[in-house]
Structure formats: structure tokens, C-alpha cells
Amino acid sequence: MTRTRTLTWQDPLPSALAGRGMSGLEYMNAIRDGDVPPPPIAVTMNFGIVELEQGRAVFEGEPGEEHYNPIGVVHGGYASTLLDSALGCAVHTTLPEGVGYTSQTLEIKFLRPITRDTGPVRAEAEVVHRGRRQATVDARLTAAETGKLLATGTSTCLILDG
């Protein structure tokens with residue numbers, strides 16, 4: 001059977017430019033609240049921000065069969081992308097206006113397979129250490145309905161001054 005999925009997103013560059021004039025927490029809140037369009041990756045992967053505070057970001061997503069790999073489960077890249085987004089955005093919430101970041105490392109450990117029957121998934125990330133030039137952050141990916149741990153992630157981000 002053939003299935004079709006249509007995606008609609010906005011040009012991400014105006015949003016990124018708008019974000020440079022806000023603190024990281026203000027910018028992430030603007031995306032969560034719909035004042036700034038979500039990045040195209042969030043539309044493509046069907047996830048978004050649900051909770052934010054300084055040094056913490058929570059995302060939820062809905063994996064579907066459009067995310068399946070050839071062996072009949074959700075591709076590991078789905079969990080990796082969702083965790084990477086939560087990890088990076090947790091760091092982003094700690095940044096002042098005009099300061100950015102980039103991922104230096106990303107380590108994901110897959111613990112359980114994800115299928116469309118898993119239902120919504122939840123990635124919770126928290127900054128463990130925020131230095132002047134680097135931040136370290138940990139995250140957990142769980143099945144939203146059961147709380148079962150699906151994967152964990154760790155990242156180190158480089159802080160980029162203006």
C-alpha cells in the first residue's frame with residue numbers, strides 16, 4: 001500500500017535571525033508558543049518543544065511508519081535527532097542574546113526498539129555543566145504513555161560568542 005504525507009514549513013532563516021535578538025530561553029519559548037515558526041526538522045520528524053526552563057528542554061514526538069528503516073522499526077536517526085534537539089535546546093536556554101552554540105559530541109545509547117505502536121515519545125534534557133566555552137548535557141528518551149526508557153543521550157556543546 002502506498003501512503004502519502006504532505007509537509008508544510010516556513011523559511012527558517014528569518015526565524016534564526018529573529019532569534020539572535022533574544023536570549024536563548026526567550027527564543028525557545030517563542031518557538032514553543034508558536035510566535036516563531038518551528039524549524040523544518042521538527043515538522044519533518046513530527047516533534048516539538050513542550051517544556052522549557054533555564055538549562056532544561058523537553059520535547060515530544062510521534063514516530064510513525066514514515067520513520068521506519070528496512071528492518072521494520074523506527075530508524076535510530078529518529079531517536080538521535082529528537083535527543084540531539086532536546087540536548088542542544090537545553091544548552092540554548094542558558095545563552096544570553098547574541099551567543100550561539102554548536103554540538104561537539106553526541107552519544108546515543110539505544111535501549112529498546114521504537115515502532116509506531118510505541119506511541120508518543122518524550123525527550124527530557126538537562127544541562128549538567130555550563131562553563132564559559134562548553135556545556136555538557138544529558139537526556140533520556142521515554143515512551144510518553146508507559147515511561148519505558150528507550151534511549152539515552154549525552155552531548156557536549158561549544159559556546160560561540162556573537
Side-chain angles (χ1 to χ4, degrees), residues 5 7 9-10 12 15-16 19 22-69 71-95 100-131 134-160:
R5 182 175 176 218
L7 302 175
W9 66 89
Q10 289 76 37
S15 297
M22 302 178 212
S23 73
L25 184 57
E26 291 170 335
Y27 183 43
M28 292 296 101
N29 278 320
I31 293 171
R32 182 200 60 203
D33 297 342
D35 298 328
V36 172
I41 190 67
V43 175
T44 302
M45 302 294 277
N46 197 21
F47 64 72
I49 302 167
V50 294
E51 293 178 30
L52 290 165
E53 60 187 71
Q54 182 104 11
R56 184 172 179 271
V58 180
F59 280 59
E60 285 189 355
E62 184 79 36
E65 64 183 26
E66 68 273 20
H67 304 118
Y68 272 38
N69 62 23
I71 62 172
V73 296
V74 172
H75 191 283
Y78 182 88
S80 297
T81 302
L82 184 53
L83 284 165
D84 185 44
S85 296
L87 290 158
C89 288
V91 171
H92 203 141
T93 66
T94 71
L95 302 178
Y101 74 95
T102 189
S103 297
Q104 286 183 296
T105 66
L106 175 65
E107 182 180 1
I108 305 298
K109 291 188 178 11
F110 304 104
L111 305 172
R112 287 189 170 87
I114 300 171
T115 69
R116 64 182 175 203
D117 297 330
T118 302
V121 294
R122 183 177 176 92
E124 298 187 38
E126 190 166 347
V127 173
V128 176
H129 170 76
R130 166 68 159 80
Q134 290 185 357
T136 303
V137 59
D138 290 335
R140 297 167 47 91
L141 182 67
T142 58
E145 293 172 4
T146 65
K148 286 186 179 179
L149 186 60
L150 305 169
T152 62
T154 301
S155 182
T156 301
C157 295
L158 177 65
I159 308 300
L160 306 169

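Residue numbers run from 1 in the order of the sequence given.
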Q | Minimum heavy-atom distance between Pro63 and Gly61, given as atom pair plus value | A | CD-O, 3.6 Å
Q: First locate atom CG of Leu52, then atom OH of Tyr27, and finally report the distance between them rounded to the nearest 0.5 Å.
A: 12.5 Å
Q | Shortest non-hydrogen separation from Pro39 to Ile31 and the atoms involved | A | CD-CG2, 4.4 Å
Q) Going from CG on Asn29 to CD on Glu53, what distance comes out if it is rounded to the nearest 0.5 angstrom? A) 10.5 Å
Q. Measuring from Glu126:CD to Thr93:OG1, what's the distance to the nearest 0.5 Å?
A. 10.0 Å
Q: Check each of Leu141, Leu150, Val137 against Leu83 using the side-chain contact (heavy atoms from CB on, under 4.5 Å) test, and report the only one that passes.
A: Leu141
Q. Got a sec, which pairs hit salt bridge (charged side-chain N to carboxylate O under 4.0 Å, His left out) with one end in residues 136-154, sequence neighbours left out?
A. none
Q. If we only count heavy atoms from C-beta on, is the Arg56 to Glu124 side-chain gap below 4.5 Å?
A. yes
Q. What is the minimum heavy-atom distance between Val127 and Ala90, and which atoms define it?
A. CG2-O, 3.6 Å
What donor-acceptor contacts under 3.5 angstrom involve side-chain atoms of residues 110-119, with partners at least two apart or in another chain?
residue	atom	partner	partner atom	Å
Arg112	NH1	Leu149	O	2.8
Thr115	OG1	Asp117	N	3.1
Arg116	NH1	Glu65	OE1	2.2
Thr118	OG1	Thr115	N	2.9
Thr118	OG1	Thr115	O	3.1

Q) Taking the side chain from Glu26 and the backbone from Ser23, do they hold a donor-acceptor pair closer than 3.5 Å? A) yes
Q) Nearest 0.5 Å, what's the CD1-CG distance between Ile41 and Asn46? A) 11.5 Å
Q) If you measure from CE on Met45 to CD on Glu66, what distance do you get to the nearest 0.5 Å? A) 9.5 Å
Q) What's the shortest heavy-atom distance between Ser85 and Phe47, and which atoms? A) OG-CZ, 3.5 Å
Q: For Cys89 and Phe59, work out which heavy atoms get closest and say how close.
A: SG-CZ, 3.7 Å
Q.
Could you check whether any side-chain N or O of Asp33 sits under 3.5 Å from a backbone N or O of Asp35, counting only pairs where one atom can act as donor and the other as acceptor?
A. no
Q. Where does the angle between the aromatic ring planes of Tyr101 and His92 fall among parallel (under 30°), tilted (30 to 60°) and perpendicular (over 60°)?
A. perpendicular
Q. Hey, are the side chains of Val50 and Arg32 touching, using non-hydrogen atoms and a 4.5 Å cut-off?
A. no
(Q) Let me confirm one number: the NE2-OG1 distance from His129 to Thr156, rounded to the nearest 0.5 Å. (A) 9.5 Å
Q. What's the shortest heavy-atom distance between Ala151 and Ile108, and which atoms?
A. CB-CG2, 4.5 Å
Q.
Are Glu60 and Arg122 packed together at the side-chain level, in the sense that at least one heavy-atom pair is separated by less than 4.5 angstrom?
A. yes
